[in-house]
Amino acid sequence: MNFNSTFLLLLSLSFFTCFAQKEVLSLQIDDNTAMLPRKKEAFTFLDAKSGDLAVMMIDQKMVFVNLFDKNFKEKSAVTFDPLASKYENILGYEIAGNMYKILASNNSKSKFVIIKIDFDSKKVSEEEFKFDFDDEKYLETINYNNKLFLFSATKGNVFTIRELVTDGFNTLKSFQIENRKQGFFELVGLEPITFDQVDNETRKQKLLKRDQLFGSLKSNITKIDTRVPNAIEQTASNNKLYQKDNLVYITIEDDENLHTIFYKIDLESLSMEQAFYEYPKGRVADFKKYNSFIFEDKILQLGSSNNEMKIIVKSFTGESLKEHYIEVNQPIKFKNSPIIQDGQTFVPLVNRREMEETPKYLRKISSGKIGVTAYKDGDLYAFTIGGYHEASGGSGGMMMVGDYGYNGSTTAGVPTGVYQNPTYYSFYGYSSTRSIFFNTHFDSDFNYVPHEESDNIFDRIKEYKKGIQYESAEDVFIHEGKVCFLYYNLKEKTLRIIEM
């Protein structure tokens with residue numbers, strides 16, 4: 001074998017090794033079925049302190065919960081009957097040693113149950129309680145440092161943080177959110193908000209608009225995991241929530257006042273800060289559509305119309321760090337992929353087509369919802385910029401699949417109320433996207449970097465799944481900094497976790 005052949009072989013092996021999957025768990029779990037295996041749903045619960053992982057699988061007859069240490073060695077296993085059908089939504093969990101508490105609720109968020117799983121004694125108990133939110137709206141739950149926090153808000157803009165305790169919720173702090181109009185044309189940075197005089201009706205502004213956050217019993221906030229790719233359908237949401245350790249960021253797109261409203265919530269100090277970021281301005285005319293995305297300690301803001309697009313990177317203090325611009329009659333100078341239309345096309349059985357025309361791209365995305373997403377890709381930042389058209393019925397263009405609530409009953413689509421870790425939600429959205437976009441890369445200063453496009457982590461999972469049969473109980477999660485794909489083989493009755 002000559003030198004060139006040897007070099008190419010080593011290069012190929014090196015490339016393969018970089019992206020090779022590694023099976024870290026293969027465990028036989030007998031579900032006591034014979035000819036007709038029962039489809040299952042999986043949930044993963046990560047211990048932030050020890051690295052332990054609890055995997056819960058649910059079908060219509062039984063709940064299986066297995067506890068593993070950070071090296072995927074089994075520590076304990078428990079089985080029990082599903083809950084009453086009224087508790088259809090898993091909202092989150094908290095952990096104390098080998099005691100795992102899982103919170104579930106009915107659809108109206110008025111009745112709750114805490115499922116207490118003691119992996120030492122292998123006993124399971126339930127604690128039911130009622131909670132009246134009154135004029136509050138349930139927004140979201142957040143798991144931090146093995147504790148579960150619940151966010152709610154009123155139409156009078158009182159924002160409340162609660163913590164799950166033994167027999168219900170304990171109110172930790174409430175904030176009166178004010179709409180400070182001063183500084184509309186210049187960013188005022190992050191401002192502390194206090195809870196003084198919350199009953200003073202004259203101070204209650206319409207910052208958290210009813211049509212934005214109070215449209216229904218289910219939350220209108222989309223959780224985003226910036227460690228992985230996200231679909232445009234997710235990032236085009238008007239209300240987004242991000243978590244970075246003890247910090248929670250909430251953004252609301254205020255098209256009426258042409259700015260992004262930003263809240264930073266610190267779960268350690270129980271403080272909230274507020275900022276307004278003015279939308280980008282068009283060079284030709286005003287933009288028609290806007291959106292934003294929080295990435296690391298920056299806010300990315302996007303504006304588009306049929307004639308132009310602009311993306312601006314800003315610091316949290318409001319300083320503009322970088323700007324990229326697209327004009328209708330010019331090629332896009334900072335893209336590394338073709339313009340891609342994913343999802344249904346006019347050609348039967350063809351779900352992806354490519355285009356190069358800037359006018360068509362701008363026209364299509366500006367007639368729907370726009371979004372931008374970013375994640376770390378080696379030493380670079382990978383961006384996806386585009387838009388989508390919302391399907392009739394408000395499904396957001398997302399493809400619908402069967403799913404389970406806690407009691408094992410199937411529902412259509414990914415249920416908003418059923419707990420999904422943000423990483424799996426990102427994978428699900430990415431796998432069923434129906435959007436128009438292009439991909440690109442920037443360096444740490446957000447300068448454009450020409451870069452050959454390659455499969456990302458979710459593409460590799462999708463490719464891996466093609467070789468799987470009898471798959472059920474799928475989940476995608478991050479464990480010890482690595483993305484893992486979990487599934488249960490119904491025929492072999494085996495739980496598997498693949499490190500991607």
Side-chain angles (χ1 to χ4, degrees), residues 226 229-238 240 251 253 255 258-260 277-295 298-315 319-343 345 352-375 377 380-390 397 433-453 456:
T226 61
N230 286 276
I232 292 297
E233 285 92 337
Q234 291 169 263
T235 64
S237 168
N238 283 335
K240 293 184 280 290
T251 57
E253 303 307 325
D255 292 350
L258 298 177
H259 57 209
T260 301
Y277 298 101
E278 184 184 355
Y279 282 155
K281 295 184 182 297
R283 298 180 186 178
V284 177
D286 291 338
F287 288 124
K288 302 300 182 185
K289 298 295 173 69
Y290 304 92
N291 218 304
S292 68
F293 188 84
I294 300 298
F295 181 61
K298 311 289 190 301
I299 179 168
L300 319 175
Q301 288 184 292
L302 183 68
S304 77
S305 68
N306 289 352
N307 297 310
E308 55 183 338
M309 171 187 279
K310 184 187 291 184
I311 181 168
I312 295 180
V313 182
K314 295 176 182 176
S315 68
E319 178 186 4
S320 182
L321 304 175
K322 184 63 67 174
E323 176 182 308
H324 294 280
Y325 181 73
I326 298 173
E327 55 183 311
V328 65
N329 293 318
Q330 297 294 326
I332 300 173
K333 299 177 181 178
F334 58 95
K335 67 180 177 69
N336 287 332
S337 75
I339 297 168
I340 299 167
Q341 180 175 341
D342 253 347
T345 68
R352 171 174 284 216
R353 61 188 287 256
E354 297 180 359
M355 64 181 80
E356 289 295 338
E357 303 92 338
T358 304
K360 185 180 291 187
Y361 168 76
L362 290 175
R363 186 175 68 253
K364 282 180 174 290
I365 68 165
S366 298
S367 62
K369 293 187 174 183
I370 64 171
V372 56
T373 178
Y375 64 96
D377 183 15
L380 300 176
Y381 296 149
F383 274 53
T384 299
I385 304 168
Y388 82 102
H389 283 268
E390 192 167 19
T433 183
R434 299 167 65 92
S435 56
I436 300 171
F437 60 90
F438 67 87
N439 298 317
T440 191
H441 280 78
F442 299 105
D443 63 19
S444 58
D445 294 320
F446 298 94
N447 298 304
Y448 168 60
V449 178
H451 186 273
E452 185 175 349
E453 291 296 298
N456 62 40

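Every heavy atom of this structure was used, including side-chain atoms; hydrogens, water molecules and symmetry mates were not.
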Check the angle between the aromatic planes of F442 and F383 and answer parallel, tilted or perpendicular using the 30° and 60° thresholds.
perpendicular
Would Q301 and Y290 count as a side-chain hydrogen bond (donor to acceptor under 3.5 Å, both in side chains) here? Give the steps.
CA-CA 7 Å; Q301 288 184 292; Y290 304 92; over 6 Å; no
Kindly compute the distance separating [atom1] ([X]) from [atom2] ([Y]), expressed to the nearest 0.5 Å.
X	Y	atom1	atom2	answer
T440	H451	OG1	NE2	10.0 Å
L258	E278	CG	CD	8.0 Å
N306	R363	CG	CZ	7.5 Å
I326	F334	CD1	CZ	4.0 Å
L362	K289	CG	NZ	12.5 Å
K281	I312	NZ	CD1	10.0 Å

Test your reading of the model: is there a side-chain donor-acceptor pair from [X] to the backbone of [Y], 3.5 Å cut-off?
X	Y	answer
S367	K364	yes
K322	N447	no
T235	G371	no
K369	N238	no
K310	G303	no
H324	F446	yes
E327	T358	no

I'd like to know whether E453 forms a side chain to side chain contact (heavy atoms under 4.5 Å, CB included) with H441, so could you lay out the CA-CA distance, the side-chain angles of the two residues, the decisive distance to 0.1 Å, and finally the verdict.
CA-CA 9 Å; E453 291 296 298; H441 280 78; 3.4 Å; yes
Less than 4.5 Å apart, side chain to side chain, heavy atoms only: is that true for [X] and [Y]?
X	Y	answer
I436	I339	yes
Y277	T251	no
K240	N291	yes

Check the pair I311 / L302 against side chain to side chain contact (heavy atoms under 4.5 Å, CB included), numbers first and verdict last.
CA-CA 5 Å; I311 181 168; L302 183 68; 4.0 Å; yes
Taking it one step at a time, do I365 and M309 satisfy side chain to side chain contact (heavy atoms under 4.5 Å, CB included)?
CA-CA 10 Å; I365 68 165; M309 171 187 279; 3.0 Å; yes
Locate the shortest heavy-atom distance separating [X] from [Y]; write the atom from each residue and the value.
X	Y	result
D286	S305	O-CB, 4.4 Å
L300	A374	CD1-CB, 4.0 Å
S444	Y381	CA-CE1, 3.7 Å
Y361	I385	OH-O, 2.9 Å
S435	G387	CB-O, 3.3 Å
D443	V449	N-CG2, 3.6 Å

Any Lys/Arg nitrogen of R283 or E323 sitting under 4.0 Å from an Asp/Glu carboxylate oxygen of the other?
yes
Less than 4.0 angstrom from a charged side-chain N to a carboxylate O is my criterion; do K335 and E356 meet it?
yes
Audit row: N456, D377, side chain to side chain contact (heavy atoms under 4.5 Å, CB included) steps and yes/no
CA-CA 9 Å; N456 62 40; D377 183 15; over 6 Å; no
Side-chain donor-acceptor pair present, [X], [Y], cut-off under 3.5 Å:
X	Y	result
E253	S292	yes
T373	T384	no
N230	Y375	no

Could you tell me whether F287 and Y279 have their ring centroids closer than 6.0 angstrom?
no
